[in-house]
Structures are given as C-alpha cells and as structure tokens.
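To start, the structure itself, in structure tokens.
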Amino acid sequence: MLIDSHCHIAGPEFAGDLDQVITRARDAGVQRAFVILAADDQPELQQASEVSARWSDVRFSIGVHPHAAGKYASDPGEAAREVGRAIDAQPLSRAIGEIGLDYHYDFAPREVQQQVFREQIRLAQRLKRPIVIHTREADDDTFRILTEERASEIGGVFHCFTGDRDMARRALDIGFHLSLAGIVTFPRALELKEVARMVTLDRLLVETDSPFLAPVPHRGKRNEPAHVARVAEVIAELRNTSAEAIAEATSENFDRLFVP
Ligand SMILES: [Zn+2]
Ligand SMILES: [Zn+2]
C-alpha cells in the first residue's frame, strides 16, 4: 500500500480521464492520495466531490498558494477566511495547504506572500490542523515565519522537498516531515539523493505533485498518482531497503500526520 501525499488531480488536466487515472493508481498499489485544492479556485473545489465520489480514500488539503497571494494584497486575512469557508464545505479536508513562499517565480510581492502565509498558519493553529508547505528559494524567511508563528505546535510537511541536507535538518528539527517527489529519481539530483538517505524513516512521505514533475522514465509527460511507486522504489534503492518498507513507513507517517 502506497499513499501519494501531494497531487492536484482535481485540476483540469485530469477532468477528461479521471476514472483511468484512478484505476492505474489502484493497480499500482496506491491506496489513497492527498489532493491539494486551491481555495481561490471554485472549479477545482467543485471537482473535488467528483474525485472523492470515484476514490473514497482520497483526502484533501486546502490553501492559498503563494502564486495566488497577490489576490489578497489589500486584505491578507481574507485568504485565511476563504480557506476556512472551503474547509467548512469539504468534510474530507485534513490540512491547510499548500501554503508558503515562492521567491523563484515571485508572482506576488514577497511581503504579501509572507502575510498570506502567516494568516493561514494562524488559521491552522485555530483549527488544530497540520500544514502543507511550498517553499522555493525562500528558506530563511520560511523558517523565520514558521518559528514566529509557532508552527511546530501543528506540524506538517515540506512538500516536494528539494533543499540540501542542512535545510532537511532544520525542517526535521522543528518537527516537520519531508515529502520527496519524482525529482529524487533524476540522475543529477545528487544532493537530494543524500537527503533521501538521511531523513529519519518516521518523517518521510512520498508524492507525485501530479500533473507536474513526472519521475524517470516518464519525465516530461503529465504525471499521475500511479507514478509514486517509482519514487518509493528509488528511495528504497538509495536506503538499501525494500520498496514495501518505504511504502509501509510513509503510509503510517501519512495517517499519523493527517488523521484518516
Ligand atoms: Zn508546491
Ligand atoms: Zn503542489
């Protein structure tokens, strides 16, 4: 049994062949998936019920992505209220996210990204739910905000972790989990392979981030939850263990963190 801890299968990329995507996932041993929903995307929030009707083991995480933070520039608190309303309307929601900072694309001003991130951590504190963090080229600000907002009390995961061993250590030290995606299968991702070897087994998750980031040998195509099996296999090789052991540990971690 495997769990894809982060995918976007309620998005338009999957509307045409959702049944086949779910069948392929189940055939690959993927028992459930954590489907990320954007609180500011009404079609995606509505499509979530189509997904859960076909795959009752999915769970949802809802947040305002840093790319969309600019919509809330005049009132960052509204981002958290929007997430709160979406959570109230979705009984299978289990976490707040993905939320965070993206200084690679800088689609929204950095101060706005930070405020929107803070407001959503505060919501997670009030609701006592874990968070799913997206951070890119913003390590120091991410850790500063997580510390100032006492995010260790709620915990969560650094999704699609691509940092180095130092950053992995910092994330583990504040009680967070690390989720590895298909990037770990890329031959040149040497530092990330080191991270895959060092993460304590009880803090590791695996994901696809579908439709993005297809693993080798599917690179460049639309990614889908079935491919999380390849991520688990590569991590197992790096750690000299079996894919079954990685599947079992990451599934237990998922259930402990996000409550079935
Ligand atoms: Zn992300
Ligand atoms: Zn994502």
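Computed from a predicted model, the values in this text were never measured in an experiment. Each ligand, and each atom within it, is numbered from 1 in the order the structure gives.
At a cut-off of 2.8 Å, Cys7 is not counted among the residues with an N, O or S atom near the Zn ion (ligand 2).
Under the 4.5 Å side-chain heavy-atom criterion for Ile, Leu, Val, Met, Phe, Trp and Tyr, Leu178 and Val228 are members of the same hydrophobic cluster.
The N, O or S atom of His6 with the smallest distance to the Zn ion (ligand 2) is NE2.
In this structure, Arg54 pairs ionically with Glu50, as a charged nitrogen and a carboxylate oxygen lie closer than 4.0 Å. Salt bridge annotation for Arg170-Asp140: present, with a cationic side-chain nitrogen under 4.0 angstrom from a carboxylate oxygen.
For Phe161 and Phe176, the ring centers sit 6.0 Å or farther from each other.
To the nearest 10 degrees, the angle centred on the Zn ion (ligand 1) between NE2 in His159 and ND1 in His134 reads 120°. Between the OE2 atom of Glu98 and the OD1 atom of Asp209, the angle taken at the Zn ion (ligand 2) works out to 180° after rounding to 10°.
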